[in-house]
There are 2 protein chains.
Amino acid sequence: MQIDLLDTFLDLAETRSFHRTAERLRITQSTVSARVAALEQAVGSRLFDRSRAGTDLTPEGKRFEPHARALRHEWNEAQRRIKIPQGAQHLLRLGIQNDLAAVYLGDWVAEFRAAFPETAFYIEPDYSNQMCADLLTGILDFAVMFSPKPHPDLHFDSVGEVTYRMISTETPRLAEVRSDRFVFAHFSPAFEEMHRQTTPDLAGAPVSVGQSGSVVSLLTAMGGSGYVLAKTASDLIAGGRFMAVKDAPDLRQPVFAAIHIRHRTLPLHRRLTQLVARHFR
Amino acid sequence: MQIDLLDTFLDLAETRSFHRTAERLRITQSTVSARVAALEQAVGSRLFDRSRAGTDLTPEGKRFEPHARALRHEWNEAQRRIKIPQGAQHLLRLGIQNDLAAVYLGDWVAEFRAAFPETAFYIEPDYSNQMCADLLTGILDFAVMFSPKPHPDLHFDSVGEVTYRMISTETPRLAEVRSDRFVFAHFSPAFEEMHRQTTPDLAGAPVSVGQSGSVVSLLTAMGGSGYVLAKTASDLIAGGRFMAVKDAPDLRQPVFAAIHIRHRTLPLHRRLTQLVARHFR
DNA sequence: GGTCTTGATCGATTTTCCCGATCAATAGCC
DNA sequence: GGCTATTGATCGGGAAAATCGATCAAGACC
């Protein structure tokens, strides 16, 4: 199995014509034929129905397509993720909780770079579950997340918490916040639970999203009320359109630094954890 | 990039000896050398440090390893998942919530097979998040899960609910259940929340797991109390060691059938949904 | 200093890949 | 019906790549 075969397969699945695929990939039609045949032999199933009146995927081909895409994607990722940018000595691959990336990423990376000038950083905002999986397989070296997923091979350090504040385009008083104009947030299971406990009547809001950024764009577009990161709240209130819902309780989401257990004692990782923790004191 | 190269890389990463890898793969050492060189050229980085006193992965090589495993795994999966077993006309790929698989899978599959005798089934117990992702990429055709993850391309049907019942080796009375002997369960975010609301004093239990099966094995090994599937509860109580905690509220976890939106109207999927729903009436 | 083991390298052979040309089958058109 | 354009399959030859076996140089070990 080669990447060429996958590319040919995927292109052919799109064009449904051996000739057009040959043209697009700058190869001859006979080569397309041969590559498809080779791939079919490799997977052990016929992938295309060929007829004079066009080509189409077989059921097997349809099932193979997502896997072909996954393989292609994984190969791209592999290439991107292993190289150290020139000039750097090391490469650190960091995962950052989606919600935190937008607000904190810039500051953090500036500090990381100051602390480790010789190190290049590969950063990917993602969700807790995915980051835990990537730490386990070794695709990530270090991650900052909301929801630690207990696992014998993962180590979590609490690094503080982040505050969510309720803002509104309509009222500064919690009692006047209408649940049908409220954007409910499920940033993490723990956050959602706190949310329901403190303001159960708003839990039935018709709109529910999982990112602070999405809450902001919804509120900006349609007006209403909802929880956003404290830092974002200040900016929006300063902008004039929003006001703080002052008697609504602030919600605090704990933040964790996560690493694979085998790196737990590395000074590098301790230092990273410290830097992140400083932001929440 | 070819599978052979990945296999060679992974074997060499294990043996750290060109000769031993050559032996194990039944090729010559010069071929190992050439394959490694080919892979290194393909990824654009040196993957091994060769020295007289042994071979070892470079930092790039270490980072490449998880990707190599992922590629290898994906290729295996692709081969397994596309073939229709002989004699069958179609192949349906089903995902089933981990917790439900152990108890319901047998019955369901028996019914599915009776309803679609011409169809082969590929079944994989998994978690909601992963199943949603697999439905989106087309790796799964149909899934039964606890936690629907809203997405424009996914369609969810409620098919009923499953009941969790508290059992104990120690007492039939809720008031006497000790939180330090309780196994807290987080089968789904929704379940966890209900759990906390109905029995908040047990929420601080020192042991918390995410599968009904794990709860059972923990309770069997160490004794104590916890929620398990009603069906399992009956079996365990009949076994004699456990008793029902009668005044503990039953917890109901909603169950959903999920499909990709483009298959929503297929009669096949409607029928599957009906069959699953029948089990919860 | 001799011997063993390491991975790299070279040349020969086999295998694979690719192209260009051709073929058979069909669709569309007159 | 007959003509033409288009479909993918097939074949032969040449180029490229993979593989093997043998050899080599460099360090480890005794």
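Reminder, nothing fancy here: chain letters follow the sequence lines and each chain counts from 1.
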Rounded distance in Å - CD (B:Glu23) to P (C:dT5): 12 Å
Greater than 12 external heavy atoms within 6.0 Å of A:Arg113's CZ: no
Nucleotide nearest A:Arg35 when distance is taken to its side chain, options D:dA9, C:dC18, C:dC17: C:dC18
Euclidean distance, atom CZ of residue B:Phe18 to atom P of D:dT19 [Å, nearest integer]: 15 Å
A:Arg50 vs D:dA9: side-chain N/O to OP1/OP2 distance below 4.0 Å: yes
Whole-Å distance separating the CD atom of B:Glu40 from the C1' atom of C:dA8: 12 Å
Distance-only donor-acceptor test, B:Ser30 side-chain atoms vs D:dG21 base atoms, 3.5 Å: yes
Distance below 4.0 Å between B:Ser33 side-chain N/O and C:dA8 OP1 or OP2: yes
Side chain to side chain contact (heavy atoms under 4.5 Å, CB included) assessment of B:Leu135 paired with B:Phe142: CA-CA 7 Å; B:Leu135 285 167; B:Phe142 181 85; 5.5 Å; no
Exercise: do B:Tyr104 and B:Gln97 side chains pair donor with acceptor under 3.5 Å: no
Interatomic distance where CD belongs to B:Gln2 and C1' belongs to D:dT19 [whole Å]: 13 Å
D:dG8 phosphate, OP1 or OP2, under 4.0 Å from A:Thr55 side-chain N/O: yes
Expected output: side-chain B:Thr21 to main-chain B:Phe18 donor-acceptor under 3.5 Å: no
Out of C:dG7, D:dA9, D:dG21, whichever nucleotide has its closest atom nearest the side chain of B:Thr28: D:dG21
Value in whole Å for how far the P atom of D:dA17 lies from CG of B:Leu5: 13 Å
Candidates D:dT19, D:dT7, D:dT10 - which lies nearest the side chain of A:Ser17: D:dT7
Interatomic distance, B:Asp7 CG vs D:dA18 P [rounded to whole Å]: 15 Å
Pairwise distance CG(A:Leu47) to CG(A:Leu5) - rounded to 0.5 angstrom: 10.5 Å
Between C:dT6 (C1') and B:His19 (NE2): distance, integer Å: 7 Å
Rounded distance (Å) that lies between atom C1' of D:dT6 and atom CZ of A:Arg20: 12 Å
Out of D:dA18, C:dA8, D:dG8, whichever nucleotide has its closest atom nearest the side chain of A:Gln29: D:dG8
